[in-house]
Chemist: 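Let me begin by handing over the structure; questions about it come next.
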Amino acid sequence: MAKSESSGDTGRPWQSYHTVYTNAKAGMEGVDKEKVQRIVYEMSKGSKYFENEERKEAYIKQKIENMQDQIAKLTDADISHYQKVADKRILELEATRDLTRIWLHVDMDAFYAAVETLSNPSLNGKPMAVGSMSMISTANYEARRFGVRAAMPGFIARKLCPELIFVPVDFKKYTHYSDLTRKVFQNYDPNFMAASLDEAYLDITNACYERDATGGEIAEELRKSVYEETGLTCSAGVGPNRLLAKVCSDINKPNGQFVLPNDRMAVMAFISSLPIRKIGGIGKVTEHLLRDAFGIVTCEEMLQNSGFLCALFSRSSADFFLSVGLGLGRTDTPEVKLRKSISNERTFSATDDEAFLYQKLADLAEMLSVDMKKEGLCGRTLTLKLKTASFEVRTRAVTLQKYIFSSEDILKHASKLLKAELPISLRLIGMRMSQFSEDKDGTPSDPTQKTLSNFIVTGDATGSNMDDRTPFGSDLKDEHFRTQLKASLPIDNHKLCHSDFRDPLESSEIPDAGNCNCILSYDGEMKKCDGALNKSKANFEGSSLDNVDKRTSLPNDEAVSSSNQKEQYLWVDDYKCLLCGVELPPSFVEERQEHSDFHLAERLQKEESSNLRNLTPKQRFIPTDKITSPSQNRRKKHKSSSTGKYLPIDTFFVKSNRNS
DNA sequence: GGGAAAACATTAT
DNA sequence: TTCCAATAATGTTTTCCC
């Protein structure tokens, strides 16, 4: 943390350059923070990266000032109102406190670095970092003493520690060791939650009971067992929920553990003086904001400022902050964790060479398609991520009417998105696919269809499933709505939140499963369907609808792209539509594509309506907005990027309940 | 005005 | 010499369209 908050001390400019590198981390106790700060600053100063950081910093400052203004404007009546709101909410949250589970968080010590040392013992005792000159993934404890740490670029690390040894990342190795640790975890909680290769959460309640052991004893035993199996040390935290267990595992790192008893008094005492930055989900920005706008530094102060928090933040953010103040966290084990997106991105030296950029795009599309096929995924939202030479990040997205997975389809749409941004000098391109077909959480493929499972979002101990953007204070008057909501749900929503709620219609009987190269087997796993790929390439000649999504009944892109030949003879004399007579010359490629889409949609709709009585109610649903006419479906024109302008911010946002 | 999609931002490993 | 990553999730704000 920088010592001087308000800049203006010109003698030490580095003190106002806020990096994450001086934040307290295990193994960095004896570090000369002032020196690290200065070197990081000097290495960065004047770079494009630095300039971008300054832009971001100014943006945050603006946010803080805005919030301070809002606080200043609160009347006594406002304050008293929001305090009532807060007090009520605190009681409600307190009522959800669950002290019946014992959670353990395991965190491998300097995992990648430790694995590398294991396979090359000569590294032992020397400062070493896993990563490259541009980025470090993990630093061992010897290197940390120099201020070298994860997420720091290698060239700065070398400046801090000239003898630093660099070892390239080798995920195969880490995965192997990770698997070994997980075999151990399995013995204590078969449903343990892996947070990453080197971290996991275990509900050890049953293990304690079965072995007649305390949480601390189980932690000791587990750590010993991990060491025996792998030769690697880890640290553990034991607490009544995941959020607290995670905080605890950091306390006696490395190779140590800390137990927080399942006792309300103990929890409150523990939390009271804990800096908010120790909480997972509170990062540099939130820490900064809460400190400068509210004077909040410790978790206890969240409660002391509860009224203001409720007045200024969205409901979900305020709930999260209050939960932190109470030391609450998740205690349930979600049945399955579904992937929501899949992405890749690559950094390169900045260029505006369009041929190069398109080639990168093609490479990424190919890689992404391979990854998607591996997991049997098809998605309908494609997001292009661009980082300009000046580190400005832009995202451009399209949501298609058809689920895609092939590199050709991905590239086709990604190219369109990129094209709209040219000319541009980029240093990174990335792409992400989301909105998967048959999301395993029971969300129907048809995104417009509302079902109960759509309505009930997630398991949420805080009961904050309602519109987050509703100002928190308004919920006192919304009691009526809440009651209605509850009454409309036949079952306690905690029971329904997990994926055990599945519509039988979503099983493998889905008629168009072949359309996306994957089927959903009964156990909810995506299984690759051999031959589906070829099948989906088949055209729709002879009005066969085999390859077309019958639920959405759309002029899908796959069909269109595979029907280019068909598209040819839709045009009489090469410019006049055979079906409606509209005239479009061959050079109007996109327009013609859209036009044929339109006729296809028409046709499908007709066929669909004649088939309706044979389908289940769910399959019958044809969203009318999906029947696009040529004039709809036009690509939206992006306004020029608004980045760089600092607009007044009315509210701030923080993710809530992110204590995974 | 409201809902969906897009854009932007934060966090974590 | 080199000059700030990749992946995923989630939340807020803005834009678009009906």
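Throughout, protein chains are lettered first and strands after them, A, B, ... in sequence-line order, and every chain is numbered starting at 1. Just so it is clear, the model here is predicted, and its values are computed rather than measured. Quick note: numbers below take in every heavy atom, side chains included, and nothing from hydrogens, waters or symmetry partners.
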Chemist: A:Asp371 has an atom CG; how far is it from atom P of C:dA8, in whole Å?
Modeler: 8 Å

Chemist: Distance check: side-chain N/O of A:Lys48 vs OP1/OP2 of C:dC4, anything under 4.0 Å?
Modeler: no

Chemist: Please determine, for the side chain of A:Ser341, which listed nucleotide (B:dA6, C:dA8, B:dT10) has the closest atom?
Modeler: C:dA8

Chemist: Tell me whether the count of non-hydrogen atoms from other residues, nucleotides or ligands lying under 6.0 Å of NZ in A:Lys48 goes above 12.
Modeler: no

Chemist: Considering only side-chain heavy atoms of A:Asn344, which listed nucleotide, C:dA5, C:dA8, C:dT7, is closest?
Modeler: C:dT7

Chemist: Choose from C:dA8, C:dC4, B:dT10 the nucleotide whose nearest atom is closest to any side-chain atom of A:Val285.
Modeler: B:dT10

Chemist: Tell me whether A:Lys253 is salt-bridged to A:Asp250, with the criterion being a basic N under 4.0 Å from an acidic carboxylate O.
Modeler: no

Chemist: Should the pair A:Lys172-A:Asp170 be classified as a salt bridge under the 4.0 Å nitrogen-to-oxygen rule?
Modeler: no

Chemist: Let's see if you can work this out: which of C:dA8, B:dT13, C:dA6 has an atom nearest to the side-chain heavy atoms of A:Arg339?
Modeler: C:dA8

Chemist: Taking only side-chain nitrogens and oxygens of A:Thr347, does any of them come within less than 4.0 Å of OP1 or OP2 of C:dA6?
Modeler: yes

Chemist: Which comes earlier along DNA chain B counting from the 5' end, the contact point of A:Ile60 or that of A:His105, where each point is its nearest nucleotide?
Modeler: A:Ile60

Chemist: With the side chain of A:Lys246 defined as its heavy atoms from C-beta on, choose the nearest nucleotide among C:dC4, C:dT7, B:dT13.
Modeler: B:dT13

Chemist: Specify the separation, in whole Å, of atom CZ of A:Arg330 and atom P of C:dA9.
Modeler: 16 Å

Chemist: Enter the distance from A:Ile404:CD1 to A:Ser369:OG here, rounded to the nearest 0.5 Å.
Modeler: 9.0 Å

Chemist: Give the rounded distance in Å between these two atoms: CG of A:Leu338 and P of C:dT10.
Modeler: 10 Å

Chemist: Ring pair (Phe, Tyr, Trp, His ring centres under 6.0 Å) with A:Phe308: which residues, sequence neighbours excluded?
Modeler: none

Chemist: Which protein N or O atoms sit under 3.5 Å from an N or O of nucleotides 1-3 of chain C?
Modeler:
from	atom 1	to	atom 2	distance (Å)
C:dT2	O4	A:Arg158	NH1	2.9

Chemist: Sequence neighbours left out, what passes side-chain hydrogen bond (donor to acceptor under 3.5 Å, both in side chains) with A:Thr351? Give chain and number order.
Modeler: none

Chemist: Without decimals, in angstroms, what is the distance between A:Leu400 CG and B:dA4 C1'?
Modeler: 15 Å

Chemist: I need the OH-P distance between A:Tyr112 and C:dA5, as an integer number of Å.
Modeler: 16 Å

Chemist: Would you mind telling me which of C:dG11, B:dA5, C:dA6 lies closest to the side-chain atoms of A:Ser317?
Modeler: C:dG11

Chemist: For A:Tyr49, give me all partners under ring pair (Phe, Tyr, Trp, His ring centres under 6.0 Å), at least two apart in sequence or on another chain.
Modeler: A:Phe391

Chemist: List the steps and the verdict of ring pair (Phe, Tyr, Trp, His ring centres under 6.0 Å) for A:Phe313 and A:Phe320.
Modeler: CA-CA 10 Å; A:Phe313 290 98; A:Phe320 173 61; over 10 Å; no

Chemist: Could you give the CG-to-C1' distance, from A:Asp198 to C:dT7, as a whole number of Å?
Modeler: 15 Å

Chemist: Applying salt bridge (Lys or Arg N to Asp or Glu O under 4.0 Å), can you list everything that pairs with A:Asp352, at least two apart in sequence or on another chain?
Modeler: none

Chemist: Return the value, rounded to whole Å, for the distance between atom OH of A:Tyr59 and atom C1' of B:dA9.
Modeler: 6 Å

Chemist: Go ahead and write out DNA chain C as dot-bracket, 5' to 3': ( ) for pairs within the strand, [ ] for ones crossing earlier pairs, | when the partner sits on another strand, dots for unpaired; Watson-Crick or G-U wobble, both distances under 3.5 Å.
Modeler: .....|||||||||||||

